[in-house]
2 protein chains.
Amino acid sequence: MASRKQVAEKAGVSVATVSYVLNDKPGVSDAVREKVRSAIDELGYKPSYAARALKTKKTNCLSVFVNYIGDPFEAGLLNTMEHRARELGYFIYFHTYQQEEEEDFRHYFAGRIDGLLLLGQSLKEETLRSLAAEGIPVISVMEPVRAEGLTAYIDIDWEAAMAAGISHLKTQGHRNIGFMANGGQEHPHERRTQAFLAVMKREGLPVNEGTLLYGEGRLEQAQEAMLRYIKDGMPGGHSAFMTASDLMAAGMLAACREARVPVPGKLAIVGCEDIMMTLHTTPAITVLHYPRPEIAALAVERMVGHLNGKPAASTRLESSLIVRDSSRLL
Amino acid sequence: MASRKQVAEKAGVSVATVSYVLNDKPGVSDAVREKVRSAIDELGYKPSYAARALKTKKTNCLSVFVNYIGDPFEAGLLNTMEHRARELGYFIYFHTYQQEEEEDFRHYFAGRIDGLLLLGQSLKEETLRSLAAEGIPVISVMEPVRAEGLTAYIDIDWEAAMAAGISHLKTQGHRNIGFMANGGQEHPHERRTQAFLAVMKREGLPVNEGTLLYGEGRLEQAQEAMLRYIKDGMPGGHSAFMTASDLMAAGMLAACREARVPVPGKLAIVGCEDIMMTLHTTPAITVLHYPRPEIAALAVERMVGHLNGKPAASTRLESSLIVRDSSRLL
DNA sequence: TTGTATGCGTTATCAA
DNA sequence: TTGATAACGCATACAA
């Protein structure tokens with residue numbers, strides 16, 4: 001790789017001048033600018049990001065912790081994040097996050113990225129502290145269960161969203177509503193489960209141990225869990241189910257079809273993300289709409305803003321209920 | 001961030017000594033090593049990767065071009081790649097690749113990564129040249145349609161795989177076999193389509209314009225394409241279909257169920273990747289097994305080997321046919 | 001076994 | 001409008 005010095009020599013100028021034209025500084029004569037440009041082209045010169053990062057202490061890189069690369073909900077967020085980041089001049093990468101590996105990650109970022117974006121993960125306090133010490137801000141799309149050390153998060157108002165779903169189901173005559181949850185206390189989906197339970201209680205609807213079913217966030221596992229539940233004679237006696245993710249709603253639906261449980265006749269199903277798939281199942285699945293493009297873009301913008309000195313605030317956007325056939329009796 | 005100099009001062013040694021213990025060089029007394037270690041801990045010192053990269057001209061980072069983050073087939077590859085890379089001491093990132101953005105990417109890598117991994121994309125010759133000039137090797141899991149400038153690729157032998165599938169279908173009495181293809185000449189799936197056509201010809205089975213159907217690689221689009229084909233009265237007269245991806249096979253199956261076309265009774269379906277989903281559809285889908293963990297790990301190993309001076313060779317692994325209900329008449 | 005000194009490719013300050 | 005030159009944090013050849 002050609003370096004700046006070689007460019008300077010070839011163009012017959014100093015390295016400083018090369019820098020000026022590369023960074024579009026004013027005060028360089030057109031003639032010199034041209035000379036430098038052509039020297040750059042001829043040598044195929046590219047600036048070294050490593051050197052630049054060392055000097056400026058900015059990498060123009062952002063990282064994102066992804067829970068599972070194949071998840072369509074996350075994919076929708078990531079696409080927008082990637083494009084928005086690129087528009088704002090940032091290079092963005094994705095890594096799979098697994099709790100067991102959190103400590104390994106602590107030493108990975110110094111001098112590699114300017115900021116870390118989360119998809120709802122609850123990082124350990126020590127990780128957050130360590131990141132803060134390195135000057136790496138953390139912003140989350142989706143509110144983590146613990147959010148203390150965080151710079152900001154962007155999410156929807158899950159209680160309002162669940163309330164809309166539950167109220168819709170009530171209108172359809174349901175009272176005994178179950179929920180397919182996912183993961184433990186620190187899981188990104190836990191907020192959804194807690195919101196559901198809070199609203200149920202507030203509405204005076206029955207909540208007990210049988211209310212929660214556990215899928216594993218993936219379609220197939222949810223399908224199996226539901227199949228087992230059906231084979232056990234649906235001990236909860238639910239007439240409707242909400243879920244912590246659309247993929248699990250789709251798995252539920254697949255289980256119902258397999259076990260010949262009519263949806264919505266015998267069981268209504270409501271998902272909560274509005275991934276494209278929910279529109280294409282039979283019946284199409286009623287969902288709480290999660291405005292992924294808006295939220296993903298906002299998270300990136302807040303991060304970039306924060307890196308440029310603008311304080312970043314947490315925000316809860318509104319979601320909306322989209323009623324489809326999986327919960328419509330009439 | 002504390003720097004190496006501060007660590008040296010605190011420990012009462014020189015910066016060189018700090019370097020020695022950080023890089024586990026021999027020839028440092030245990031007493032000094034201990035002193036340095038505790039100074040590091042107290043200051044919370046982390047080495048700057050930017051500075052290290054500048055000096056060593058190695059970033060210990062690898063990039064992967066992903067076609068679509070939500071794709072379950074690619075997700076399976078990425079998981080293994082990420083873990084294998086981490087085991088080998090490399091930090092790995094994923095980026096979405098879109099052909100339109102290829103030129104933008106050309107200037108992104110110098111001084112940021114040591115190598116680029118592809119998932120079957122056919123990069124433009126100029127991109128490959130530019131990468132080569134920067135000393136960035138390119139290895140692909142899945143053989144690209146154009147593979148000239150590539151360091152190596154790892155893939156299965158698609159002709160052998162397709163031959164196994166076609167021969168299985170022949171055994172079941174099929175002759176008029178269609179194929180759901182995806183994308184154009186440069187698409188990662190094009191090799192699969194070409195292999196299918198080659199084997200069909202070799203076997204003396206009918207190939208004409210009607211043989212190919214086009215999904216868009218995604219389940220929903222394949223479903224819609226198939227639905228249209230069925231509504232048109234299945235003009236190709238096929239009794240079986242193979243596909244360029246499992247997701248499209250699943251979409252086909254969904255369309256058949258929707259349109260009440262019995263599978264495998266009226267139409268046999270064979271996928272080609274063996275993603276988990278194919279095991280959970282009804283009926284389960286016959287597939288050509290793509291050994292994703294092996295291939296993904298091998299690609300990373302070849303890359304790391306190459307970076308350490310071992311020449312990397314291209315390899316075609318064997319695949320196997322897994323017969324399930326979607327193609328079994330008996 | 002440890003320290004000194006140099007350079008990696010930038011950016012930025014200060015002179016010219 | 002341009003040019004010297006000093007950092008940035010690290011690795012390493014060489015000296016001690």
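Chain identifiers are assigned alphabetically (A, B, ...) following the order of the sequence lines, protein sequences preceding nucleic acid strands; residue numbering begins at 1 within each chain.
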Sugar-phosphate, base or nothing in reach of A:Tyr45, heavy atoms under 4.0 Å: sugar-phosphate

Degree of bending, the helix from C:dT1-D:dA16 to C:dA16-D:dT1 (end axes from five pairs; round to 10°):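 Comparing the axis at each end, I get an angle of 40°.
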
Please list, chain by chain and in numerical order, all residues satisfying side-chain contact (heavy atoms from CB on, under 4.5 Å) with [X], sequence neighbours excluded.
X        : value
A:Lys310 : none
B:Ala133 : none
B:Pro137 : B:Thr151, B:Met303, B:His306, B:Leu307
A:Lys57  : none

What's the [atom1]-[atom2] distance between [X] and [N], to the nearest Å?
X       : N      : atom1 : atom2 : answer
B:Lys25 : D:dT12 : NZ    : C1'   : 8 Å
B:Tyr49 : C:dT10 : OH    : P     : 23 Å
A:Leu22 : C:dA12 : CG    : P     : 13 Å
B:Lys5  : C:dA5  : NZ    : P     : 13 Å
A:Asn23 : C:dT10 : CG    : C1'   : 9 Å
A:Glu9  : D:dT2  : CD    : P     : 18 Å

Contact residues, residues 29-40 of chain A to DNA chain D [heavy atom, < 4.0 Å]: A:Ser29, A:Val32

Salt-bridge criterion met for B:Glu273 and B:Arg192 (N-O under 4.0 Å):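 A salt bridge links B:Glu273 with B:Arg192.
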
A:Arg146 bridged to A:Glu125 by N-O distance under 4.0 Å: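 Answer for the salt bridge query: no.
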
Sorted by number, the residues of residues 13-21 of chain A with heavy-atom contact under 4.0 Å to DNA chain C: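 When residues 13-21 of chain A is checked for heavy atoms under 4.0 Å from DNA chain C, the hits, listed by number, are A:Ala16, A:Ser19, A:Tyr20.
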
Contact residues, residues 55-63 of chain A to DNA chain C [heavy atom, < 4.0 Å]: A:Lys55, A:Thr56

Pairs satisfying side chain to side chain donor-acceptor pair (under 3.5 Å), at least one member in residues 292-301 of chain B, at least two apart: B:Arg84-B:Glu301

Selection residues 63-82 of chain A - residue pairs positive for side chain to side chain donor-acceptor pair (under 3.5 Å), sequence neighbours left out: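 Sorted result for residues 63-82 of chain A: A:Ser63-A:His95, A:Asn67-A:Glu74, A:Asn67-A:Gln121, A:Tyr68-A:Arg218, A:Glu82-A:Arg86, A:Glu82-B:Thr96.
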
Ring center gap for A:Tyr49 and A:Phe91 short of 6.0 angstrom: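 Aromatic pair excluded; centres sit 6.0 Å or further apart.
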
Pairs meeting criterion ring pair (Phe, Tyr, Trp, His ring centres under 6.0 Å) with involvement of residues 70-90 of chain A, two or more places apart: A:Phe73-A:Tyr290

Distance test, side-chain N/O of A:Arg4 to OP1/OP2 of C:dT10, below 4.0 Å: yes

Presence of A:Arg52 side-chain N/O under 4.0 Å of C:dG9 phosphate oxygens OP1/OP2: no

A:Ser130 and A:Thr127: side chain donor to acceptor below 3.5 Å: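 Side chains of A:Ser130 and A:Thr127: no pair found under 3.5 Å.
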
Test item: A:Gln99 and A:Tyr97 side chains (from C-beta on) under 4.5 Å apart, heavy atoms: yes

Residue closer to the 5' end of DNA chain D, A:Gly12 versus B:Ala51 (nearest nucleotide):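 It is A:Gly12, whose closest nucleotide lies nearer the 5' terminus.
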
Given A:Phe94, A:Tyr93, A:Tyr108, the one that forms ring pair (Phe, Tyr, Trp, His ring centres under 6.0 Å) with B:Tyr93: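 One option only clears the test, and that one is A:Tyr93.
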
Run the side-chain donor-acceptor check on residues 32-41 of chain A: report pairs under 3.5 Å with partners two or more places apart or on a different chain.
from, atom 1, to, atom 2, distance (Å)
A:Arg33, NH2, A:Val28, O, 3.4
A:Ser38, OG, A:Glu34, O, 3.4
A:Ser38, OG, A:Lys35, O, 3.0

